[in-house]
Each structure stands twice: as C-alpha cells, then as structure tokens.
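For the numbers below, each heavy atom of this structure counts, side chains included, while hydrogens, waters and symmetry mates do not. Worth saying up front: this structure is predicted, and the values here are computed from it rather than measured. Convention: sequence-line order gives letters A, B, ...; per-chain numbering from 1.
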Protein chains: 2
Amino acid sequence: MRLAQLSEESGTSPASIKFYLRTGLLQPGVAINPTRADYGDGHVRRLRLIHGLRSTVGLGLEDVRRIVEASAGVETSRSRRLALLATVQSVVLRLDGDADAASPAGDALVQALAWPDEGSEARSAVNRHLAVMDAAGVGVGADVLEAYGRAADAIAAAQLAATDLRDTVEDFILTAAIGMHLHNQLILKIVALAQASQSIRRYGTGTAPDATGPGRP
Amino acid sequence: MRLAQLSEESGTSPASIKFYLRTGLLQPGVAINPTRADYGDGHVRRLRLIHGLRSTVGLGLEDVRRIVEASAGVETSRSRRLALLATVQSVVLRLDGDADAASPAGDALVQALAWPDEGSEARSAVNRHLAVMDAAGVGVGADVLEAYGRAADAIAAAQLAATDLRDTVEDFILTAAIGMHLHNQLILKIVALAQASQSIRRYGTGTAPDATGPGRP
DNA sequence: CATCATAAGATAGTCGAACTATCCTATTGG
DNA sequence: CCAATAGGATAGTTCGACTATCTTATGATG
C-alpha cells in the first residue's frame, strides 16, 4: 500500500509517518521506483505499536525505539519472547537506573519467597532501588517487602498469562507494556486508598471539616 | 536576603527564581524599595520543595503549582495536613482521571480489608481505574486485588509514620510525594523480578541462550 | 506527447514546557 | 557623583515531537 493508505489504516498522519521514516523508527517500504514505495501489514502493526506505547504508556520516542529494535526478528519463539519481555520491562520500568550502592534486602526477598531468580537485571534494580530509598530516608522493612513480594507474585502470574496468548510481537509488547503501566497506576491508587483509610482510623474523618480545600458535600 | 543569596541557599539559578516569581509559583519578597526585595527562609524552603517535586517526583510546574497552592496556610494542624496529603496524592497519582465507567471491585476490596473509607476520591479513582483496565482487556482478579490491598496497607502505614514526624509543610509534602514515588518504583521493579522468576519456573532460564539481545556472559 | 495531480523525499517551521539571556532603569555603596 | 548591581520586563533558547512547505519525479489522462 501507499503512504496515504498506510496513514488511513494506522491512524497516523502522513507527516508523522514521514517523520518516523526519517528517524528510522519505521523501516522504509519496498521502493517500487524513486517516487513510489509499498508498505505492508507489518508497517501498520508497527505504527499501532508506536502509537500505543506513546499514548497509553507515555513513552518517549527514544524508548519506543529501544523496544522496537529489540523486537526485530522476534516472532513466535518463546525464549526470544522472554528476552524481549525483559527489554520491555527494562525500558518501561527504567530498570537501568544509576546507583552505585545496592542493598541485600532484595536478595533476601528472593530467598524468602523461593523465587528461582539467578541475578537478573530486575533483581539488581530492586537492590539498587532499595539502597536509593534508604539514602532518601525512606526505609523499607522486611515485612513491607514481603507484602510487596506476594502482590508481585499475583500480578506477575496474571501478566504472564495475558501475554502468553498473543500471536504478533506487537500485540505481545503492547499487552506487556500496557499491563505493567495499568497495574502500576492501580497499585498507586490502592495505596492512596489505604492511606486515606488509615488516616481515618488514626485521626478520624480524613478531610477536615475546617479545611479550606475542595470540600465533599 | 537578596535574590542572589536566595539563589545560593536554594541551589536555584537567579534566572529560574525570576521565572518562578513571574509565573507566581514563588511569592514575591518584601519590597524594600523599587529595586530591592527581601526573601526569607520560607522562600528557600519553597524553592527546595519545587526542586524536589520537579527532579525527584518528575512533576510539571502546573502540578507543582497545585500542590504549592494547597499548602498555603497549612502549618501544623493535623486535619489540615491530612487534607493537604489528599491533594498531594491527587496530583502525584493523577487521581482525577477521566473515565465514565466505574467498577464495584474497589468497593469490594474496601469491604474485604475492612477499611473505614467512606467514598474518598482515592476510592472512586480505584473503581474507575479498574473499569479502564477491564476495558483494556487487562482484568484484575479478586485475589490479585487483595494481594495489592495487603501490600498497600503496609506501605500506607510506613508512609504515614514517616510523614507524621515532619515539622515544616514543605518537608511533609516532600516526604509524602517522594515516598509515594519511590514505593511505586519499587513495586514495579519487584513485579519485574517476580515475572522473571515465574518465567524461569515455567520455561526454564529466562534469557535464552540463542537470544540476539544483550547477553549476560 | 504534453501535462497536471500526486507521491516520495528533504528542509524548515511550529508548539509547549521550562528555562536563560539581554536590556533597561533605579539605586547605592564607595 | 558614578560605576556596579539588583529588580523587573522582554525576548530568545533548547528539546521533543511533530507539521507544513517546497522540490522533484513520475504516471495516469487527455
């Protein structure tokens, strides 16, 4: 198909498509002659992936590029898909953070929950992050950590089950990334809810009667 | 103190301070004469708060403004601080999202965990978010939800304890906002770790030996 | 065979967010 | 008294992500 039709199918403006082509985010179509090129379903799927990662997950084009590049050549092989999942996690969750310290608490958690992890990027990211939190004066107790671990187990299972069913790589990535993102938001909101509840328990009604803020009638 | 010294103390460039003054994010100092103004500790704390919310939590200036405005006049009163906390949550967690549907699952969670919540913004945010997730094909089971709830309870307790000790409003806000943010990151990373572990359990070693991605030697 | 709409490709312009640099004026310490 | 500086206002910069325009070359039509 032509650029105009690709634009139709994917819901992306021709200008944006040209932009993605220029920056190499979208591979060029098959050039028929100097002024005509042919695009296929792969281009449509790729554009939908880009759009989803940008709008729903809120990634920047550089992050999208990293994921898209990692997806090259990965089709149905399970092991390749798992490697791809690791990349998606790394990008979406920014696992490759900068920290010189690391805490052993993450390793302890892995032991406590009998996870068969053997030194993954995620594990060192957890250890580094715990060190950062300690440094920021936001310590995390073992009990809290274990509560997280159990919740994480439940999420992970649901996530893996959901991603397992997808057939195209693009669907696979989108399901994984969007799932991560939505679960993330959900947890935050539940924590807010828990905080509101605990505030009530400790101090009575949360929103003060004398508050100047937006009131709930 | 003068603008130059305020810049020193707060670690903010004079140009940025002027910018914040212009946009009303920072209240003007006490004008001594048309060409001289006096700034105090409040200005320094305010600037540190702005900086922390921007750099650590990653908020935009509009969000910072909302929080800063909500903090006006709130000093030590417990009930006012709780109202402020609700605002901080609302901004940091984007609780005021747009969704026309709502799920009753959040209410069920509140019941299951015996939380004394009575229709807070957080609760409706959770209900709306669950509806969004359902719509996106990312369903959340009651078991997962309950695991979240228990983790959230632990976080909320730690958070409230941490914020309780602060004396200046700015510290209070920063502790709350940074705490939320760091806990959030932590959970995500732990989920990534759990996913890696479960992948290994299901399919053997996560990173495939034949993967073309970045290998761990 | 001429031609005119259209596509592909390249170049430059736009937009918002968050600053940053410059200019002008008034004052003030030496 | 007068150059150095503070404050305030205005305009310019940077970055990311496009968007609009301009150019050239077909290719279908008459």
Before giving the answer on side chain to side chain contact (heavy atoms under 4.5 Å, CB included), spell out for A/Arg46 and A/His43 the whole-Å C-alpha distance, their side-chain angles and the decisive distance to 0.1 Å. CA-CA 5 Å; A/Arg46 169 73 56 95; A/His43 290 90; 5.5 Å; no
Show the nearest heavy-atom pair for residues B/Ala152 and A/Ile190, with the distance to one decimal. CB-CG2, 3.5 Å
With side chain to side chain contact (heavy atoms under 4.5 Å, CB included) as the test, would you mind laying out the steps for B/Leu21 and B/Tyr39 before giving the verdict? CA-CA 12 Å; B/Leu21 286 169; B/Tyr39 302 98; 3.5 Å; yes
Where along residues 53-63 of chain A does a heavy atom come under 4.0 Å from DNA chain C, residue by residue in number order? none
Identify whether the distance between the nearest side-chain nitrogen and carboxylate oxygen of A/Glu69 and A/Arg66 falls below 4.0 Å. no
Figure out the CG/C1' separation between B/Asp38 and D/dG7, and round it to whole Å. 14 Å
Atom-to-atom span, CD1 of A/Ile32 to C1' of C/dA7 - whole angstrom: 11 Å
Closest non-hydrogen atom pair, A/Gln159 against A/Gly179: OE1-CA, 3.4 Å
Show the numbers, then the answer: is there a side chain to side chain contact (heavy atoms under 4.5 Å, CB included) between A/Met1 and A/Glu9? CA-CA 10 Å; A/Met1 71 185 86; A/Glu9 301 267 331; 4.0 Å; yes
Please check if the side chain of A/Asp117 supplies one atom and the backbone of B/Ser197 the other of a donor-acceptor pair under 3.5 Å. no
OP1 or OP2 of C/dT28 under 4.0 Å from side-chain N/O of B/Asn33: yes
Mind calculating the distance between CZ (B/Arg36) and C1' (D/dT5) to the nearest angstrom? 7 Å
4.5 Å side-chain heavy-atom contact, A/Ser10 and A/Ile17: yes
In residues 5-29 of chain A, which residues come under 4.0 Å of DNA chain C by heavy atom? A/Lys18, A/Arg22
